[in-house]
Amino acid sequence: MMSSEFVLELISVFHTGPVEPGSCIQKLVGNVPTGVILKDVSLEIHGGELMAILGSKGSGKRALLEVISRRAQGPTRGQILLNHVPMSLRLFQDSCGYVTHKTQLLEALTAKQTLEYAAKLSLSSKIGSSLRSGRVRQVLADLALTQVANRSVDQLTPSEYRRLVIGVQLIKDPLVVLLDEPAWGLDPLNTYFVISILSNHAKKYNRIMIITMEKPRSDILPFLDRVTYLCLGDVVYTGSTRHMIDYFRTIGFPCPELENPLMYYLCLSTVDRRSRERFIDSNNQIAALVEKFKLEGGPYRKYSGPPPEVDQLEHKVPLSAYGRPGIFSTMMALMGRAFTMMFPCSSVGLQQLFFRVFLMPAYFFLLWNFYYELKPFQRSFQSRGGLLFNCLAGTAFLATAVTSKTFAPHRTRYYHEAREGLYRGPLFIFTYNFFSLPVSYVSVMAAAAIVFFGLSLGSTQHDGLDWEGWAIFGSVLWAVWAFVEQQTIALMIFVKSSYSAGATSVALTTFYLLIASGWLRSLVRLSDWLYYLGHVIVFRYASAVLQEQVFLDKLPNLPVNASAICPDNNAEYGCRYRNGTYYLLERYHFPENGLDLGRQDLNLWYNFGISFAFFGGMLVLNLVLYLVPLPSFIKTKFRD
């Protein structure tokens, strides 16, 4: 790819793919109805040119881009050559770019930060930081985004947002850029602006730009060097825009005066479905146009413009020729981007910071206010049990809410960037957890300190506070948080809606609490099948750690109130529990005073370790899920 003249050629390309959406079952078994989408498509485009692929809905415009990018589902015949080299998926990922119809950027970043991290993820480590920074500034200038470089993505106008999406692909200086409806939803002025920028980029850097459009305006005609008309997969015309009017005139279809030539010939290439007669007539006419171009259109497909001024080209060798960054550089870029998203430089960044860092302490602060103060009376047994249940349940439910809110943007960007070959699923999920888990640990431990020390749940030692007790209390809550976070992430691999994934995770968590927490129903009184079912649920072990830590061999001889003292035999009304151990005897099986019931539910360090084992198992499961290839219809819904 060191040549200063680039050419993309399609030679007799046929493609068969899905013609109907198909049901979920059909997608899973690979039985979606298929048909011929592209029929004998041949065209070429050279460096410095902007080509528009025009056609009505269902004409095959997007399918043609998918075929060129080697992303199309279904068999493809024919040749696609870039500089006479067969186009492969790897070649496309290394040397080309694809701007899809809908692309979601990370709204917490600024425009400049978005391009900086795109450069770190797509440009080789051999390229120095100064060159990368210069490239970012150049792309901002080329796309007229310099004035909004420090504005967050969520504050950009639709035109600025669209240009930034294009900039993410231009940052690596690709030879070929495919753009699916780059001006969709923009007003006429901004449409003109975007198309003029793309044309200028093609000529300035000698690059190939291919766009699709459904409703082209006449004012963009001067920017289009080439145009291709498609109708139901057939080529009605492809070649120089300057020669298009002459060609159609010679075959008997002159463009009327004051008409938009682009739209006039687009209507000519569209099947009229308003009536059966119109359908037959227009279909026959288009078939005749296709055959006519096959016989006489050969000269129009070839390059007819002046040779490029090679000496004046600013980039003879694309930056993409230097390769991709290594695994460590990619990890650091993903880590840096995730931390940058928490900076309060925008409303989205503030939300990220609050959800990740301050939501748990805020919830536990409310618990502290509600339970303050726990007096040393008999009724505090129930109060402490309720407090621990609220700590455990609140941690699990908040983990679901925070993950549903904060993971979705990272997941969507992963599906886009993985398709570009920037990194793979296991690297993404490992890096995300490497960022997320320490942040959540700090948040959970800070929250646990509010309740543990504020309500004196630990035993007071001679040298001060019970730091070891707080470490156990907070760590086991974090193990629950991490497990539920991984559970929600696993659901969000398949479910696009954050609300649906979060609701499913909440339902599962509620089931866990009902069966295995030991609070809503004592484990002693559970049926055998429910009791043993609880052994495969993390809440059984985490709740046992919390209750053993707070109650076992603690709270001796608590009175009913300030004036009624319980006797040693614990027989009087209101004196239900002699100490915390007797409270636990109602909830768990464990040997006490020689009464061995044959089951051992309380073992602090064993239950502590098993709680973390559940989290580790779910983390490994996510790594496997992101390693196993998913059906394409699942991945596609996160990209469109």
Side-chain angles (χ1 to χ4, degrees), residues 10 12-22 32-43 51-67 72 74 101 180-181 183-186 188 191 210-221 224 226-298 300-301:
L10 276 68
S12 300
V13 171
F14 291 81
H15 174 64
T16 302
V19 293
E20 295 181 12
V32 178
T34 60
V36 179
I37 299 177
L38 297 177
K39 310 167 188 176
D40 196 16
V41 177
S42 298
L43 57 88
M51 170 184 275
I53 301 173
L54 307 178
S56 58
K57 186 175 182 180
S59 61
K61 302 188 301 298
R62 183 178 298 179
L64 182 56
L65 297 189
E66 295 284 322
V67 167
H101 179 51
D180 187 15
E181 296 287 352
W184 182 266
L186 300 183
T191 298
I210 303 177
I211 66 174
T212 63
M213 297 192 77
E214 193 169 326
K215 296 180 181 180
R217 293 174 52 85
S218 60
D219 54 358
I220 69 167
L221 179 62
L224 303 181
R226 287 176 176 264
V227 64
T228 297
Y229 284 100
L230 291 179
C231 180
L232 300 178
D234 283 311
V235 177
V236 178
Y237 174 83
T238 180
S240 169
T241 309
R242 292 179 300 151
H243 297 156
M244 175 185 66
I245 298 176
D246 294 335
Y247 167 75
F248 280 104
R249 182 186 296 116
T250 59
I251 64 173
F253 294 94
C255 180
E257 293 186 10
L258 304 180
E259 280 279 353
N260 174 6
L262 295 175
M263 280 301 298
Y264 179 77
Y265 293 119
L266 177 58
C267 293
L268 191 67
S269 307
T270 303
V271 175
D272 191 341
R273 303 178 185 273
R274 287 177 291 181
S275 67
R276 185 173 183 275
E277 292 75 14
R278 289 175 181 266
F279 176 80
I280 295 173
D281 290 342
S282 61
N283 199 41
N284 291 335
Q285 178 179 285
I286 291 171
L289 289 173
V290 170
E291 290 300 319
K292 186 75 171 177
F293 189 76
K294 286 181 179 179
L295 296 174
E296 303 180 9
Y300 294 93
R301 294 191 182 97

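Being a predicted model, the structure only gives us computed values, none of them experimental.
Two residues are said to be in side-chain contact when any heavy atoms from C-beta on lie closer than 4.5 Å; Leu54 and Leu230 fail this criterion. Inter-residue side-chain proximity for Ile220 and Leu262 is flagged as met; some heavy-atom pair is nearer than 4.5 Å. Residues Phe293 and Asp234 fail the side-chain proximity criterion, which asks for heavy atoms closer than 4.5 Å. Counting heavy atoms from C-beta outward, Asp40 and Val235 have side chains that stay 4.5 Å or more apart. Inter-residue side-chain proximity for Thr228 and Val41 is flagged as unmet; no heavy-atom pair is nearer than 4.5 Å.
Of the inter-residue distances, the one linking Glu277 atom CD with Ser282 atom OG reads 11.0 Å to the nearest 0.5 angstrom. The line from NZ of Lys61 to CG of Leu38 is 11.5 Å long, rounded to the nearest 0.5 Å. Atoms CD1 and OH, on Ile286 and Tyr229 in that order, are 12.5 Å from each other to the nearest 0.5 Å. Taking CG of Leu224 as the start and CD1 of Ile211 as the end, the distance is 5.5 Å to the nearest 0.5 Å.
A salt bridge links Lys292 to Glu296: one of the charged nitrogens lies within less than 4.0 Å of a carboxylate oxygen.
Around NZ of Lys215, the count of heavy atoms belonging to other residues, nucleotides or ligands within 6.0 Å does not exceed 12.
Looking at residues two or more places apart in sequence or on another chain, you find a side-chain hydrogen bond (donor to acceptor under 3.5 Å, both in side chains) between Thr212 and Asp180. Applying the side-chain hydrogen bond (donor to acceptor under 3.5 Å, both in side chains) rule to Asp219 yields no partners; only residues at least two apart in sequence or on another chain are considered.
Under the 6.0 Å cut-off for aromatic ring centres, Tyr237 and Phe248 qualify, their centroids lying closer than that.
Sorted by first and then second residue, the side-chain hydrogen bond (donor to acceptor under 3.5 Å, both in side chains) pairs involving residues 246-259 (not counting sequence neighbours) are Asp246-Arg249.
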